[in-house]
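Naming: A, B, ... by sequence-line order, numbering from 1 per chain.
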Amino acid sequence: MIRKIFRSAIVLSVMLTSASPVCLGEDWLSFLGNGGNGFAPKASLPVKFTVSAEGKSAENVAWRSPLPGRAVSGPVTVGNRIFSTSSSGIEQRWCEVTCVDSQSGIQLWTRKVKATGRPFCHPTSANAAPTPCSDGERVYAFFSSNDLVCYDLEGNLMWYRGLAYDNPKVGNDVGMSSSPVLAGGVVVVQSECQADSFAAGIDAKTGATLWQIERPRKANWSSPATLRGADGQMVVLLQSSQGLSAIDPRSGSEVWKLDEKCSSVTTTVAVNGRFYIPGSNLKAFDLPRGLEAPKLLWEAPRVSPGNSSVVVTDKAVLAVKGSVLAATDLDGKLLWQTRLGEIGSVWASPVVAGDKLYIFGMKGRCVTVDVSGSEGKIVGESELGEEVLGSPAIIGNSLVVRSVDALWKIAADK
Amino acid sequence: MPASTTRFGWLHQTSHFTALAMLACLSLAATGQGRARAQEGIDAILKIQRGGGGVAAAHAAAEKLIASGSGLESLLGKAGSANPVAKNWLLSIAQAVADRQPAGTTQAALERILANQAADGEVRYWALDRLAAGNTELREKLLDGRTEDSSLDIRFEAIQLVMKKLPSVESAKADEALKQKALVGYQQLLKAARQHVQVNAVADVLKELGVEVNRRQQFGFISNWQVVGPFDNRKEVGFDTVYKPEDEYARSNKVTEKGTYPGKGENSQVGWQPVSTDKPDGSIDLNPVFLNEKGAVVYAFTTIDSPADLDCQVRFGSPNANKIWVNGKPANVNNVYHTGSQIDQYVAPTQLKRGANTVLLKLCQNEQTEAWAQDFSFMVRFTDETGLAIPVTQAVGNPAQ
């Protein structure tokens with residue numbers, strides 16, 4: 001059905017389905033998804049979608065929901081609800097969170113707070129740069145201005161923190177994009193700039209500060225990652241150009257540290273008993289045991305990601321640098337490299353649904369690559385027509401994309 | 001592409017609340033006991049402190065305030081005097097409360113909040129936003145005539161709206177009557193606009209219509225300075241090093257015009273030299289003066305005349321680490337390099353006294369070699385809290401006395 005993009009949902013049916021979140025068991029709760037590796041193994045998405053230049057017709061586009069202001073964050077989903085951040089108004093000082101019904105694209109609620117920190121950023125970025133996270137009951141949204149707010153799924157304020165009000169000299173005028181993570185009931189945020197850098201653990205239920213530690217005074221856009229060690233202990237990985245620290249999320253104390261010069265843009269991915277640190281080379285480590293530092297498993301110089309984080313599937317590690325997508329096997333052996341054509345600058349981390357990788361260029365061009373074979377094969381190229389800098393979410397057999405101006409649901413026409 | 005979405009407010013929210021519980025809560029809210037409890041909750045939120053103190057109590061209070069359906073006006077009545085964190089709590093609670101009530105029951109309260117020019121500007125903007133949710137026509141109606149609103153958010157949006165409605169440059173160029181209408185309209189907007197991007201947008205249109213706005217004057221940038229340097233900032237040692245001009249100024253609120261000081265190089269002596277700008281953004285480029293010196297500290301000094309004793313703001317921008325003093329008092333400090341520079345990048349409260357006032361800036365250039373890390377510049381202006389330039393004056397050449 002070509003004109004789905006303008007489909008108006010029947011309000012009553014939406015109300016019935018949206019009255020409370022329906023758990024679909026396929027939530028995408030944070031940047032790079034629940035596994036933190038950008039991989040949804042069971043998802044099956046159309047390899048291509050189209051939006052006409054006039055915006056009057058579309059194929060494999062379920063809906064487009066325009067949002068206020070702009071954002072370079074990615075969406076998260078809980079059941080049939082999608083949560084997306086925006087920053088609007090003068091200097092993007094209004095920090096907004098919008099809840100959208102995933103079936104219809106109808107906006108269920110929007111909440112806003114006024115930035116208490118510096119909202120400035122590069123013109124291509126936005127105050128709404130970090131991707132929010134959720135524990136399935138609440139959504140936690142962080143902004144470049146260091147405003148951190150928690151709502152329940154109905155939009156009721158649980159708590160709010162102005163972390164720049166607490167730390168007045170924190171602020172990155174290029175724009176801070178570090179996404180929060182949840183670990184053991186603690187929201188961990190990492191805000192690093194040239195002035196008062198910090199990481200903090202905030203009680204997810206009450207918003208109280210459990211700990212705060214100083215971090216290197218250097219701009220850093222990477223996000224924390226969670227890792228469960230071989231002994232079962234959950235740690236949060238904080239990376240910077242000065243190393244990778246594993247932090248106890250309840251106390252903020254350092255459990256171990258690797259003296260690896262990490263990327264200050266892309267994020268460490270931890271999955272399946274290993275973690276992958278982006279730097280000048282991509283390095284894989286095994287899980288730490290007790291207080292022992294993790295061991296280097298391999299190093300892959302040709303699979304160093306550029307601006308977007310790597311995706312790790314059950315068979316491969318996939319990284320984009322410039323317009324080249326490279327894949328190694330899980331032992332670091334280079335499998336193939338594929339040129340992505342005229343994709344342009346890439347900031348959004350790719351995601352993999354089944355055996356298809358979806359990557360968006362900044363100008364909105366989406367390239368779909370079949371990553372199942374002995375070489376990466378481009379199987380679809382699509383134009384959204386709007387800028388995309390945030391990593392998409394996968395919900396069921398749909399791709400949820402946050403463009404700078406709107407939220408989109410890409411799904412096969414029925 | 002038209003919006004494909006709408007809000008449907010309170011109905012779906014009520015699914016988690018029995019009608020009985022809701023009625024009970026609303027009834028309680030209307031009673032004296034309910035009002036007292038609501039006030040306790042509001043007071044708990046107003047006690048939130050820097051560093052997160054009081055957040056746990058506020059969390060508990062927020063839950064009760066939302067459930068009890070507190071009145072929007074009582075919730076937001078003290079927002080103007082709250083700290084910015086507490087104000088955001090109150091605004092967020094109000095949003096949830098408003099969602100739980102049928103639109104008709106909150107409309108009158110929202111209209112009263114919007115109409116109250118003495119109320120907090122951000123609260124009033126939220127009230128307008130809420131009233132006009134999803135209704136572009138109503139939004140435009142509410143914004144009509146508000147280009148000089150006390151809320152900067154409302155003012156900004158009202159000016160944007162008028163800009164859309166004034167004759168386009170193309171039509172004005174083709175029709176003299178339309179041109180006159182546009183000129184009058186844009187000149188009014190120039191007086192009303194406060195945010196620098198908007199001021200520039202209005203000035204751009206006026207330029208297209210043949211009227212050149214002196215933007216430097218419009219923004220109130222200080223044009224004439226005395227500068228001295230370079231002093232050592234290799235390995236960024238200079239930011240916390242008090243060089244002689246800084247020491248002299250801190251002790252006497254003035255600098256020695258004809259004095260020389262030990263500079264960065266061995267046996268070098270450096271002295272004050274005048275610089276000025278006629279750039280629209282008031283920026284002073286230090287690279288030509290100091291020959292692109294890296295690892296350098298430069299001081300800039302000036303004297304300005306204020307028409308009155310004023311509580312005001314010093315607004316400045318620089319891609320370099322900086323410190324600024326006004327009348328001998330530290331006003332702001334930013335140990336940050338090369339994250340861009342823009343008008344009003346840094347804003348700090350300060351005071352001017354009637355007559356002569358001194359300003360000293362310390363500007364630090366580091367040793368980064370990247371092409372984007374070469375700028376060495378600054379811009380300074382004084383404004384009221386809305387961003388309106390204070391008409392300070394300077395003697396030509398501004399000799400340091």
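When the candidates E122(B), E63(B), Q195(B), Q342(B) are compared by the number of heavy-atom contacts under 4.5 Å with chain A, E122(B) comes out ahead.
Side chains of K169(A) and N334(B): a donor on one and an acceptor on the other come within 3.5 Å. When only modelled atom types and interatomic distance are considered, W94(A) and D129(B) share no side-chain donor-acceptor pair under 3.5 Å.
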Exercise answer: donor-acceptor pairs, residues 48-59 of chain B side-chain atoms, under 3.5 Å, sequence neighbours excluded:
| residue | atom | partner | partner atom | Å |
| --- | --- | --- | --- | --- |
| R50(B) | NH1 | Y165(A) | O | 2.4 |
| H59(B) | ND1 | M158(A) | O | 2.7 |
| H59(B) | NE2 | K205(A) | O | 3.4 |

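Residues G155(A) and A96(B) come closest through the heavy atom pair O-CB, 4.1 Å. The two atoms that bring I66(B) and L157(A) nearest to each other are CD1-N, 3.8 Å, heavy atoms only.
Going from atom NE2 of H196(B) over to atom CD of E91(A) covers 5.0 Å, rounded to the nearest 0.5 Å.
Both the backbone and the side chain of Q95(B) come within contact range of chain A, each with at least one heavy atom under 4.5 Å from a heavy atom of that chain. Heavy atoms of N335(B) lying under 4.5 Å from chain A belong exclusively to its backbone. Of the two parts of R118(A), only the side chain, counted from C-beta on, holds a non-hydrogen atom closer than 4.5 Å to a non-hydrogen atom of chain B. Looking at Y125(B), the atoms closer than 4.5 Å to chain A (heavy atoms on both sides) all sit in the side chain, from C-beta outward. If you measure heavy-atom distances from D344(B) to chain A, the contacts under 4.5 Å come from the backbone alone. Interface remark: Q345(B) contributes backbone and side-chain atoms alike to the contact with chain A (heavy atom separation under 4.5 Å).
By a heavy-atom distance cut of under 4.5 Å, Q194(A), A195(A) are the residues of residues 192-199 of chain A near chain B, going up by number.
Atom CD of E370(B) sits in a crowded spot, with more than 12 heavy atoms from other residues, nucleotides or ligands closer than 6.0 Å. Counting heavy-atom neighbours within 6.0 Å of E367(B) CD, excluding the residue itself, gives a total above 12.
Taking the side chain as every heavy atom from C-beta outward, I90(A) and R155(B) never approach each other to under 4.5 Å. Counting heavy atoms from C-beta on, the side chains of N88(B) and T116(A) come closer than 4.5 Å.
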